[in-house]
2 protein chains.
Amino acid sequence: MLAAERRDHLLDLLAREGKIVAKDVAAELGISEDSVRRDLRDLASEGLCQRVYGGALPASPALVGYAARQTVAPDGKRKVASVAAGLVRPGGALILDGGTTALAVARALPQDLACTVITHSPTIAAALLDHPQTELFLLGGRIFKHSAVACGAAAVEAAQNVSADLCLLGVTGVHPEAGLTTGDAEEAAMKRALAARAADTYILASSEKLGTASRFRVLPWEEISGLITDADPHDAVVERLTARGVEILTTG
Amino acid sequence: MLAAERRDHLLDLLAREGKIVAKDVAAELGISEDSVRRDLRDLASEGLCQRVYGGALPASPALVGYAARQTVAPDGKRKVASVAAGLVRPGGALILDGGTTALAVARALPQDLACTVITHSPTIAAALLDHPQTELFLLGGRIFKHSAVACGAAAVEAAQNVSADLCLLGVTGVHPEAGLTTGDAEEAAMKRALAARAADTYILASSEKLGTASRFRVLPWEEISGLITDADPHDAVVERLTARGVEILTTG
DNA sequence: CCCGTTCTTGCACGTTTTTGCATGTATCTT
DNA sequence: AAGATACATGCAAAAACGTGCAAGAACGGG
């Protein structure tokens, strides 16, 4: 594991959980607590986190819930992506959200799959340029830097002109009661607009997102077809979702 | 194994896995770690990756999965791009075409330049994601694979809703009589639509394009503000263009 | 075809960075 | 107040780095 990668992991953890416990992270990553402390000290000196006894907190509470600078798609996301890619039928049309998990889906699509992909993410579009059989449609609009996707009025309007069989959405929070949530209002609206244009909508959520909620709701459970996750089917949150009637696709 | 092949492999790895560990790659390819480090250093100097202790990471996290290959811009294009980037004023709005030369322009824009960039190329958009001060607006539409830009009716329509101070267009043919031409009718129409939305339009053309013409005309000379090229000012084609009243910006 | 030049590549060497441990100190909990 | 936990610092081993150098390949001109 690269040192820089470790730093990213810490920031990601900070954004997702809102705190870091040095001891836990050291155990999780198999490194010494000293290394974690050193990293945290460095991050704090750059103003990226606030050092506290036992670990660290976000520099600004507002940053909680925002996707951090994630560079490496963890194994879980890749498995989720692989399952999701299996849902895409030849000849069908897919609306693909932005984000690292959705990017992993794009990468997991067979090179010669003949289908239509509609996306508001230039990153996703760029990744699919070398799929010769894939028809690509880009939804334009103002690009939101932190998530690297087109959002806002223009993008939502552009979405009204398309339709698809399947929509794959990434979210930051998956909670039995709060539903599906994300950290930005514009993004939430865009995701809603995308879901509305597809016959079926599935949520991509690696296990660490289960049970968490962010500020803005994307959709209630009633409006989605299912959840794709790498969590254990006997996970507490998963079981509560199943009880609610949500279809769960696992990577098992 | 060819050196260029090795570089491609590294970029591919970076796109797929999001990171490179020098030691692992050296073992996998059966070459010395020194060579890997040298390659990584070169790639980093071109802005294609970010060097870290132990290996490398994508230049920007948003660029994970972004096809960075084929982007080794020749020297001529880079010089043209540098001149073009100098035309962009802080606070101004720029319409940027697709293509390798335009991509070089995007790379040549100062990291902290506060301006608005409007483009129909997901590749360009992805390249500008790490410019924090740059406002990005993406024009959507059907993606034409061979040129990797949004074209067609939807894209042209989207272009009607924007305006800018400057438009930088790439073309495949630059001819004193035939004017500016390209090999695809839809692309030509899109370029026309872009040029119509900017106060000034400049053409990016490395020297090998001078004197050639393709099938579809983009614009006549009267409707452009100037040509940016790395050709010699005493080049025969350049002199004929000057005689026609075309402003020529050279890299000299 | 041959020879000089240039570029690439791997190795050796000294330097820098990272990392875990030990030690002593500070801080928290009870 | 006392024990436990977290912390900073110093230290040493290991890993990664940069540089110089030499052998070899590719190239170009004669």
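Model, not experiment: these values are computed from the prediction. All chains are named by letter (A, B, ...) in the order of the sequence lines, taking the proteins before the strands, and each is independently numbered beginning at 1.
When rounded to the nearest whole Å, the span between CZ of A/R37 and C1' of D/dC7 equals 6 Å. Between the CG atom of A/D24 and the P atom of D/dA6 there is a distance of 10 Å, given to the nearest Å. Between A/L40 atom CG and D/dA6 atom C1' there is a gap of 12 Å when expressed in whole angstrom units. The distance between atom CZ of B/R7 and atom C1' of C/dT9, rounded to the nearest whole Å, is 16 Å. The nearest whole Å value for the distance from the CG atom in B/D42 to the C1' atom in C/dT9 is 13 Å. The interatomic distance linking B/L29 (CG) with C/dG10 (C1') rounds to 15 Å, in whole Å.
At the heavy-atom level, A/V36 lies nowhere under 4.0 Å from the strands shown. Across all strands, B/V21 comes closer than 4.0 Å to no nucleic acid atom at all (heavy-atom distances).
With sequence neighbours left out, the side chain to side chain donor-acceptor pair (under 3.5 Å) criterion links A/R51 to no other residue. Applying the side chain to side chain contact (heavy atoms under 4.5 Å, CB included) test to B/A85 and every residue at least two apart in sequence or in another chain returns B/A108, B/L109. For A/T242, the side chain to side chain contact (heavy atoms under 4.5 Å, CB included) partners are A/V238, A/I248, not counting sequence neighbours. In this structure, the side chain to side chain contact (heavy atoms under 4.5 Å, CB included) partners of B/A178, at least two apart in sequence or on a different chain, are B/H175, B/A213.
Axis angle, first five pairs versus last five pairs of the helix from C/dC1-D/dG30 to C/dT30-D/dA1: 40°, rounded to 10°.
The residue among B/A22 and A/R51 whose nearest nucleotide of DNA chain D lies closer to the 5′ end is A/R51.
Residues B/S121 and B/L138 approach most closely at O-CD1, 4.3 Å, considering heavy atoms. Of all heavy-atom pairs spanning B/S206 and B/V80, the tightest one is CA-CG2, 4.4 Å. Of all heavy-atom pairs between B/S214 and B/T172, the closest is OG-OG1, 2.9 Å.
Not one N or O on the side chain of B/R215 forms a donor-acceptor pair closer than 3.5 Å with the backbone of B/D184.
Surrounding NZ of A/K19 are at most 12 heavy atoms belonging to other residues, nucleotides or ligands under 6.0 Å away.
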Contact string for nucleotides 16-23 of chain C, one letter per nucleotide 5' to 3', B = base within protein heavy-atom range under 4.0 Å, S = sugar-phosphate only, - = neither, reads BBSBBBB-
